[in-house]
Amino acid sequence: MQAHQAAFPTISQAPGRSLRRAVLMLGVAALALPVMAADKSAASNWPQRNLTWIVPFPAGSATDQMARVLAEQVSKAAGQAIVVDNKPGANGTLGTAHAAKAAADGYSFLIATSTTHAANASLYRRLPYDPIKDFTPVSRLAEIPFVMLTHPAVPADTPEKLVAHIKANPDKLAWGSGSSGSLIPGHAFVNAHKLQMIHVPYKGVQPAMTDALGGQIQLVFADLASATPQVKAGKLRALAVTSAKEHPMLPGVPPMNRGAVPGFEMTAWFAMYAPAGTPEPVLAKMNQWVRAALSDKTLQAKLAPGGFELTPSSPAELGLFAAKETLKWAKAVKSAGITPE
């Protein structure tokens, strides 16, 4: 598996036109993934110690929530504890790069997102990891939209009123981002209306929300799981969602494409990957455990308040999905007018 992957072009070395070629190769690699259920003997004694799931975003984030609920369920099947290791920073690149260098022995896994394995290929000229070469797909996990949020003190209860307020106060208001899911819609909104705002980047959505709650910034896009409790408590105001339609968790809150940014639609997703070279029988067993966990009613009940749409898959299905999403997010980055760092 690893030898095949090494022959493909790398996304981190594929800016511009060659991005499409690299992503198409990712799709080919996904189709070439072997059927892993055949030989389970190599995983018969695995695991014999604790597993580590690396989360490249802060504690409390949607990625962290997903990982901890899933880890609790999977650890029962594994018969070993699962340690969730948060390594946030640099739009998820720090933790993902750490996971890429982990031993491929079946004891380290990455809870990846659309940021780490799709959007970052277009947000950065060069990544400290390669989502094609450095990782092997295990399973898709879930999807979730982002929410456009302001502090209640901001005199705006619709995106249109927020635009008017920002234009009346050029360069006096700030917006924050902590992932591609918050960065891209933020840029799209600001650029669509030619707004003059201060952009403040954070290590994750949670610290950005903390400053939004304190009034240090006036606008933030946060994942639905993190946003809903604050909206329900009246601490933040929801103006729009990034999904194509209204979300049942926030009835009455319109989608961005209804006026805030016509044509805009985006949902964040989560998936599990392992370092490239991880034994295939181990990957097959983990895929089996993850899919069983995601179909468990108890787990579904725990994740339901966060608005997660569960999307278990085969490794090959994740590979093809990530390939398509990389191209989709590349278009979103370009449309939002974001210059790669």
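Positions are given from 1, in the same order as the sequence printed here. Since this is a predicted model, take the numbers as computed values, not measurements.
At a cut-off of 3.5 Å, with distance as the only test, no side-chain donor of Asn50 or Tyr107 sits close to an acceptor on the other residue.
The minimum heavy-atom distance between Thr116 and Pro56, with the atom names listed, is CG2-CG, 3.9 Å.
Salt bridge absent: Arg291 and Asp296 never bring a charged side-chain N and a carboxylate O closer than 4.0 Å.
Ring geometry for Trp175 versus His187: interplanar angle over 60°, hence perpendicular rather than tilted (30 to 60°). Between Trp46 and Trp289, the two ring planes are parallel [angle under 30°; tilted spans 30° to 60°].
Here the side chain of Asn169 pairs no donor or acceptor atom with the backbone of Lys172 at under 3.5 angstrom. Side chain of Asp223 to main chain of Ser226: a donor-acceptor pair is present (N/O by atom type, distance under 3.5 Å, no hydrogens or angles). Side chain of Thr63 to main chain of Phe57: no donor-acceptor pair is present (N/O by atom type, distance under 3.5 Å, no hydrogens or angles). Counting only distance, with no hydrogens or angles, the side chain of Trp269 and the backbone of Leu141 share no donor-acceptor pair below 3.5 Å. Judged by distance alone, with hydrogens and angles left aside, the side-chain atoms of Asn287 form no donor-acceptor pair with the main-chain N or O of Leu283 at under 3.5 Å.
Clustering ILVMFWY residues whenever any of their side-chain heavy atoms sit less than 4.5 angstrom apart, transitively, puts Val83 in a cluster other than the one holding Trp53. Val253 and Leu224 fall within a single hydrophobic cluster, where Ile, Leu, Val, Met, Phe, Trp and Tyr are joined by side-chain heavy atoms under 4.5 Å apart, directly or via other members.
Legend: side-chain hydrogen bond (donor to acceptor under 3.5 Å, both in side chains) pairs involving residues 68-83, not counting sequence neighbours, sorted by first then second residue: Asp64-Arg68, Arg68-Asn86, Glu72-Lys302.
The side chain to side chain contact (heavy atoms under 4.5 Å, CB included) test with Pro255 is passed by exactly one of Glu246, Lys245, Met148: Glu246.
The distance from atom CG of Leu318 to atom CZ of Arg140, rounded to the nearest 0.5 Å, is 7.5 Å.
The distance between the ring centers of Tyr129 and His98 does not fall below 6.0 angstrom.
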